[in-house]
Amino acid sequence: ISEITNFKMAAPMLKDKGSLQFEDKWDSMRPTVLKLLRQEPVTRAEWQDLFWDVHSVCLWDDKGPGKVHKALQDDILEFIKQAQQRTLTHQDDTALLKAYIAEWRKFFTQCSYLPKPFGQLETSLAGKTVSSVQKKNSPEDSIVRKLMLDSWNQSIFSNIKQRLQDSAMKLVHSERMGEAFDSQLVIGVRESYVNLCSDPEDKLKIYKENFEAAYIEATEAFYKAQAPQYLADNGVQNYMKYADMKLKEEEQRAMRYLETRKGCDSVQKLTECCVHVLVTAFKETILAECSVMIKRNETDKLLLMFQLLDRVPDGINPMLRDLEEHIKNQGLADMVAAAETITTDSEKYVEQLLSLFNIFSMLVKKAFSDDPRFLTSRDKAYKHVVNDTTVFRLELPSKQKGVAKTQPESKCPELLANYCDMLLRKTPLSKKLTSDEIDLRLKDVLLVLKYVQNKDVFMRYHKAHLTRRLILDSSADSEKEENMVEWLREVGMPADYVNKLARMFQDIKVSEDLNSQFKEAIRDKGHGSIADCVNIKVLNAGAWARSSERVFVSLPMELEDYIPEVEEYYRKTHSGRKLQWHHLMSNGIITFKNKVGQYDLEVTTFQMAVLFSWNQRPNERIPLENLRLATELPDTELRRTLWSLVAFPKIKRQVLVYEPEAQSPKDFQEGTVFWVNQEFGLIKNGKLQKRGKINLIGRLQLSTERTREEDNEGIIQLRILRTQEAIVKIMKMRKTTKGSYSLGYSGHRKL
């Protein structure tokens, strides 16, 4: 009975709700809607009742949602009409703008509040459940909000938007002319354009087509009128400051007045427009000043020019060319001006190159902020200076048939190698520098070496100098020698070349151990005296040998008898290895006595062989022909050796004298007679010394004329092979090489 009673009580309630009509509720709903539109206070009860009434009407009246939507639209249009009347009472553009902004901001604020109570309306019109609509739709997608904004757009904004836009542009123009105004007026117009578009695909469509386009057009027109006049009145250099200042101003102004949300490129478009009007239009005029500024080292002005033209597509290309031309011309002019000094002094030459590099690097740093493109131009131009042949040149003659005559090359790599030798050898220069200073200068050499084209020539001379230092034991610091090898590896020198240098150090250390062991063995046989005076260096032919040529010479008897013992000992300890004696690379110390005094002479093996011709007959005069028979030296080597003993540049009294007079080794005749200078002596500070030590070796000769030719041929052949290798790689990349040709080339390269 209880359940039936409840059912009978519920039925009348459903019936009452089913009979609920829109007309019953709208009169009570409308006052609250109007209060919300007018931004008048609404009580909590009114707010909650509005929610319930909208829910009830939409739920129980089948036509309720449509009626609510229509009634709401009418009230919104009526409110907008009143706002329009209040706004249009102002005839002055600025007053109209202010009135519109005030009305718009009130209305736009309510666009966020009024839709909230009408959630059920949106659900009913969409035909979905409340939960699904809430999950899918954001507040910006609200039907009521769209209704409000569309109504505002159609009723008021579309009618006066041109006046509003024109007024806003006038205010911006006034600001550009230095007048002050309320920036919120322009911002309000922009917000209207941004928020009044209901196109779901492009919500900024109205803004872009109207406000953005008008803003950019007004900006372009303003500077088209202002810029040429300013340039004509103030000149290029002042105009660059003006353009830079205006670009920054317009960027800041655009950040205030244009839309900056993600995905909107208004600021970028405005900036591009300003760059076109202020910079691109006058690019040629601005660039005409570039080369002059570079010559005058006006880095501040160049930096400003760079910052302006870098905004223009390909704008800095002429600046890059001007910089390259300046470095080439200035660098070569300085090198030619200092030609007398640098061609004879490798230290001055390297210092001159480094000075130029530092000057040009500082220019790029200050004027172009070390921009990679300008650094590349600096490198290209500096490379041209380093490899130029105007001041001096190096010839690499080739006798091979079918090989074109080689072009003259810069002597730079040879002088760099000479400078390294001065730093690493015991010289006055290396003695006056600290260890850190030597390291710094060696790294400076490597810096210049990076720009040298014919690095193979540097390798050749550097290895020759290193060979002399190791054989003569004249290195200032063995640790620095090994460091230099590693630095060469780090800067990308060929691995096979660097490995050979490292092997040379290893051979010297192994030879020291071998000498100690050999001397012990000789002493056991009772030949200790000669063993104590001789040091043997066993060197790997692959790392040291510069050619297969060996120069024969008749050695003093003591050494001739000593050599077989060395060979026998070495064969016993190292089976399967063959020794070849390179007397061209050997040296020693002999004691010279005459009536003046006693002196120790450091000599080459060839000089030793010549001087020993007088060992048993010190006062005899010996003609050239007899010396050739006694020493068994080739004619060229004999003449060269004799010249070093009769015309050594560092001593006033020569070891040998001769007649008749000759201007060079080639002038010696078969009848030219040589004898020991019994007046020979060492003179220091104008006083004759009775004892002393003199180095007659000078620059140890490591190669004959034929060997140098072989070296030149080797360099040329290596270049040919590398060129062929590059060609084959390019052809393979283009897939035009036939397999048979590739195989043939590989075999040739192996040989």
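What's counted below: heavy atoms across the whole structure, side chains too, no hydrogens, waters or symmetry copies. Computed from a predicted model, the values in this text were never measured in an experiment. Positions are given from 1, in the same order as the sequence printed here.
R378 and S361 share a donor-acceptor pair across their side chains, judged by distance under 3.5 Å alone. Looking at K480 and S435, their side chains do bring a donor and an acceptor atom within 3.5 Å of each other. No donor-acceptor contact under 3.5 angstrom links the side chains of T641 and Q607, judged on distance only. A donor-acceptor contact closer than 3.5 angstrom is absent between the side chains of N540 and Q506. In this model, a donor atom of one side chain and an acceptor atom of the other lie less than 3.5 Å apart for Q330 and D334.
By the side-chain contact (heavy atoms from CB on, under 4.5 Å) test, E602 is found to be paired with I589, K693, N695, I697, residues two or more places apart in sequence or in another chain being considered. Under the salt bridge (Lys or Arg N to Asp or Glu O under 4.0 Å) criterion, E659 pairs with R621, not counting sequence neighbours. Residues satisfying the side-chain contact (heavy atoms from CB on, under 4.5 Å) test with N329, not counting sequence neighbours, are E325. L688 is linked by a side-chain contact (heavy atoms from CB on, under 4.5 Å) to V596, R653, I683, counting only residues two or more places apart in sequence or in another chain. Here L433 pairs with L423, L429, E437, I438, R441 under the side-chain contact (heavy atoms from CB on, under 4.5 Å) rule; sequence neighbours left out.
Relative orientation of the Y451 and Y382 rings is perpendicular, given thresholds of 30° and 60° on the angle between their planes.
Between L656 and the choices F680, W675, W614, the side chain to side chain contact (heavy atoms under 4.5 Å, CB included) rule is met once, by W614.
For Y569 and F518, the gap between ring centers is short of 6.0 Å.
The stretch residues 410-441 participates, sequence neighbours left out, in no ring-ring contact (aromatic ring centres under 6.0 Å, His included) pair at all.
Closest heavy-atom contact between V485 and A502: CG1-N, 4.2 Å.
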